[in-house]
Amino acid sequence: MKYATTMIIGAGIALLAAGLFMPGWLTFLLTLAFAKGLVVMGLLLLMRAGLVSFGQGLYYCLGAYCVGIAGDYFETQNALLLILLAVVVCVALAAIIGLLLCRYRDIFFAMFSMAFSMILYGVLVKSSAFGSSDGFNVKPPLLFGWTPTGESGPFLAYGLAVVALVGVGIFVWRYLRSPMGYAGEAVRENEIRVEYLGASVRRIIYTKYLLAAAMAGLGGGITALAAGHIDPEMAYWTTSGEFVFIALMGGVGHAAGPVIGAVLFELLRTYAFQISPYTWQMILGIALLVIILYLPKGVWSLVERVTKGKPL
Amino acid sequence: MFIPFAKKSALVGLLVASAVAQPVLAADEYKLGLVTFLSGGAAGPFGVPAQNAANLLLETLNEGALPAPYNAKGINGRTIKPIYVDEAGGATKQSSEYRNLVERQGVDAVVGYISSGDCLAVPAVAEELKTLTVLFDCGTPRVFEDNSFKYVFRTGPTTTMDSVAASYYIKDIFPNLKAVSGINQNYSFGHESWADFYGSLKGLQADIDVPTKQFPKIYAGQYGAEISALMVNSADVIHSSFWGGDMEAFLLQGAARGLFEDQTALLTTGESAMYRLSDQIPEGTILGGRGPFGIYAPDNALNRWFRDAYSKRFGTQPTYPAYKMVQGILGLKLATEQAAAKVSGQPTTEDVVSAFEYLEYEGPGGKVSMNMGKGHQASMEMVYGRYALKDGKPAVTDVRRYAAECVNPSDNMPANEWIEKGMPGAKCN
């Protein structure tokens with residue numbers, strides 16, 4: 001366990017160091033990918049319990065709007081404060097919605113979660129104060145007196161994303177090996193047995209839902225700071241669908257799956273855009289198809305095959 | 001067992017190869033990033049006509065075959081090489097793609113953006129990367145109201161004048177105007193269009209009645225319920241900023257139910273569909289073209305060339321997105337060449353910026369004055385007319401032109417504030 005923690009921290013430091021030498025476009029792309037990876041890590045917790053949420057966009061968008069609105073109205077651009085606020089608000093909302101959602105399973109859970117996300121979308125589109133569907137610009141972030149300008153602009157958000165990723169990564173990695181983590185798979189396999197063992201299925205799912213909301217809010221907040229502009233599209237169901245797409249690509253077998261999936265997805269998309277501006281969607285679709293056909297457990301399963309000595 | 005491995009290797013190989021392969025940059029090449037919708041609902045009516053126009057214009061420019069003063073080859077003698085990017089994917093995605101254009105592909109300038117959301121998101125990145133960027137089509141006045149940018153210009157007028165001129169026009173055409181209804185899409189452009197139109201009309205006629213206003217979902221396609229509401233709550237004019245497939249569906253479904261028999265439709269973007277839907281648009285419908293574009297464009301050498309060449313190549317007349325694209329690229333060319341005349345060698349981006357500020361030039365749609373937003377935002381005249389078939393061909397009658405100073409706020413005043421205060425300082429003839 002110590003070994004893995006050191007590995008994750010080491011990877012984080014390496015990423016930060018690499019950030020100093022990366023071209024700006026790559027820094028930005030990785031920031032967005034890591035932010036999405038955070039959301040998908042939350043989704044992973046739910047998926048391992050057999051619940052596919054098509055509504056993580058709700059917290060992704062809410063987190064982003066918290067950062068944008070608080071930056072405007074409370075006159076603070078302190079990145080940490082804003083992100084903390086985003087997470088708190090998301091968890092608070094999830095605490096209410098979760099009470100209802102954790103009574104549902106399968107397609108009902110998916111549809112219900114999507115419905116809540118679409119409600120937020122509808123409300124935001126109607127509110128002209130927040131720029132309706134055009135959204136609005138987020139003020140550039142600060143970090144305790146450090147005001148990044150020009151070239152170092154994208155680096156602040158990148159640094160935040162890497163630090164968040166390391167923190168959440170260690171947490172998720174440990175969580176998946178804790179009794180609560182394993183309980184997710186137990187719930188997926190047989191809820192009645194879990195109840196007979198003395199654990200509350202509802203509480204297990206509720207906790208996971210709150211955690212997933214916190215991670216989605218975190219991802220949304222970082223995206224807002226990095227992109228400098230937010231719009232209601234973040235709560236639209238296609239955004240939530242993208243998270244599921246990434247989860248399928250990366251695989252839910254390991255905490256690293258979502259991050260690899262997100263980076264791969266963003267790289268694939270940007271090069272698909274460049275190589276074939278007319279048919280980039282087809283490239284993405286084919287990539288997912290290939291992964292589902294040949295690597296049904298996601299790209300991460302390649303690593304597992306190698307490390308566990310299974311044939312390629 | 002080997003197949004998944006091979007697939008993966010091929011994929012990674014592809015990625016690496018394209019990342020490593022830096023395009024060879026010819027010294028006399030001007031790389032121009034062009035961003036319009038190539039997929040999704042806005043591609044057909046806006047993105048593709050604009051891209052077609054860009055293709056045609058760049059080819060002609062590279063041959064140096066455009067009428068004066070645009071007859072110099074390329075941009076300041078450099079051959080223009082276009083790099084197309086799809087505008088799909090949302091504002092965050094577009095910020096990312098903008099960085100790729102500048103940092104990975106090394107473009108000299110970017111012309112693009114139809115969606116207002118993208119136009120709000122991209123300028124901050126343009127400033128950071130100090131790259132000349134021309135917004136050609138998006139309409140929200142907020143771009144230069146909320147911020148001031150150095151490297152960003154918008155050669156297309158804002159939507160404010162569509163709505164303001166529409167209110168003047170119906171006051172002119174219907175002296176006994178009593179009531180207007182509205183049907184607009186439930187997103188920024190729809191809400192802003194209606195708010196500006198109603199606001200300015202209210203300023204002209206305080207007792208105007210609004211029997212109903214409808215905001216159906218964008219891309220809804222079915223307007224049965226809304227058409228019923230519009231028919232029951234009858235008005236003189238129905239205001240709509242619908243575009244593309246939505247406008248088409250609304251026209252077809254409304255006409256089938258006789259909606260336009262006693263009510264006149266006012267379509268602020270109607271010009272973009274008048275050739276495609278020439279049999280469906282009821283005669284007398286008021287059509288706007290977001291400026292003096294398309295059928296409303298003046299008869300000058302540039303416009304004659306453009307209409308002729310465009311219709312020969314693409315089999316249809318150019319609509320306003322095509323005009324606005326040409327206007328954007330020509331503005332960039334002219335500013336660059338004017339800057340070049342003052343320096344030896346190629347002008348720097350800063351030189352071009354100072355030449356572009358407060359530039360006045362003639363596009364295929366007539367005079368463009370970059371006199372708003374501290375010299376970064378264009379204003380133009382606005383034109384409305386009514387659809388009519390002349391010898392079976394689509395045309396317009398009752399055309400009225402409104403000067404730029406009449407339908408645009410004076411500099412430094414936000415559009416909604418200007419409309420709210422009753423449009424002070426408007427110079428109308």
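Chain identifiers are assigned alphabetically (A, B, ...) following the order of the sequence lines, protein sequences preceding nucleic acid strands; residue numbering begins at 1 within each chain. The figures here come from the full heavy-atom set of this structure, side chains too, leaving out hydrogens, waters and symmetry mates. Worth saying up front: this structure is predicted, and the values here are computed from it rather than measured.
- Only the side chain of A/T223 comes within less than 4.5 Å of a heavy atom in chain B; its backbone stays farther off.
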**Study point:** Trace of the side-chain contact (heavy atoms from CB on, under 4.5 Å) decision for B/S96 with A/T270
**Key:** CA-CA 8 Å; B/S96 186; A/T270 184; 5.6 Å; no

Point to revise | Criterion side-chain contact (heavy atoms from CB on, under 4.5 Å) on A/Q274 and B/V85, from CA distance to verdict | key: CA-CA 7 Å; A/Q274 181 177 332; B/V85 174; over 6 Å; no

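- The line from CH2 of A/W25 to CG of B/L101 is 12.5 Å long, rounded to the nearest 0.5 Å.
- The line from CG of B/L120 to CD1 of A/I230 is 12.0 Å long, rounded to the nearest 0.5 Å.
- Within a 6.0 Å sphere centred on NZ of B/K213, other residues, nucleotides and ligands contribute 12 heavy atoms or fewer.
- For B/N147, the part sitting under 4.5 Å from any heavy atom of chain A is the side chain, from C-beta outward, and nothing else.
- Both the backbone and the side chain of A/F136 come within contact range of chain B, with heavy atoms under 4.5 Å apart.
- Residues B/G117 and A/H229 approach most closely at O-NE2, 3.6 Å, considering heavy atoms.
- A/S128 does not touch chain B: none of its heavy atoms, backbone or side chain, sits under 4.5 Å away.
- Residue contact with chain A, scored on non-hydrogen atoms closer than 4.5 Å, is absent for B/A195.
- When heavy atoms are compared at a cutoff of 4.5 Å, B/A91 approaches chain A by way of both its backbone and its side chain.
- Shown here is B/E420, whose CD atom has no more than 12 heavy atoms of other residues, nucleotides or ligands within 6.0 Å.
- Once rounded to the nearest 0.5 Å, the distance linking OG of B/S39 with CD of A/Q281 reads 4.0 Å.
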Review point. Yes or no on side-chain contact (heavy atoms from CB on, under 4.5 Å) for A/D134 and B/R142, after CA distance, side-chain angles and deciding distance?
Key: CA-CA 10 Å; A/D134 285 346; B/R142 283 168 55 208; 4.0 Å; yes

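- Other residues, nucleotides and ligands contribute at most 12 non-hydrogen atoms within 6.0 Å of the NZ atom of A/K297.
- The line from NZ of B/K93 to CD of A/E242 is 9.0 Å long, rounded to the nearest 0.5 Å.
- Nearest heavy atom pair, residue B/D86 against residue A/P277, reads CB-O, 3.7 Å.
- Put simply, of A/A226, A/A224, A/A227, A/S132, the one with the most heavy-atom pairs under 4.5 Å next to chain B is A/S132.
- Heavy-atom pairs under 4.5 Å with chain B peak, among A/P232, A/G228, A/G131, at A/G131.
- The choice from A/F273, A/Y236, A/W280, A/Y278 that makes the most heavy-atom pairs within less than 4.5 Å of chain B is A/F273.
- In this structure, chain A has no heavy atom under 4.5 Å from any part of B/Q185.
- Top candidate by heavy-atom pairs under 4.5 Å with chain B, chosen from A/V125, A/L29, A/L26, is A/V125.
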Check your understanding: Hey, mind stepping through B/R104 and A/Y271 against side-chain contact (heavy atoms from CB on, under 4.5 Å) and telling me if it holds?
Key -> CA-CA 11 Å; B/R104 208 162 70 201; A/Y271 279 104; 3.8 Å; yes

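- Proximity to chain A involves both the backbone and the side chain of B/T92, based on heavy atoms less than 4.5 angstrom apart.
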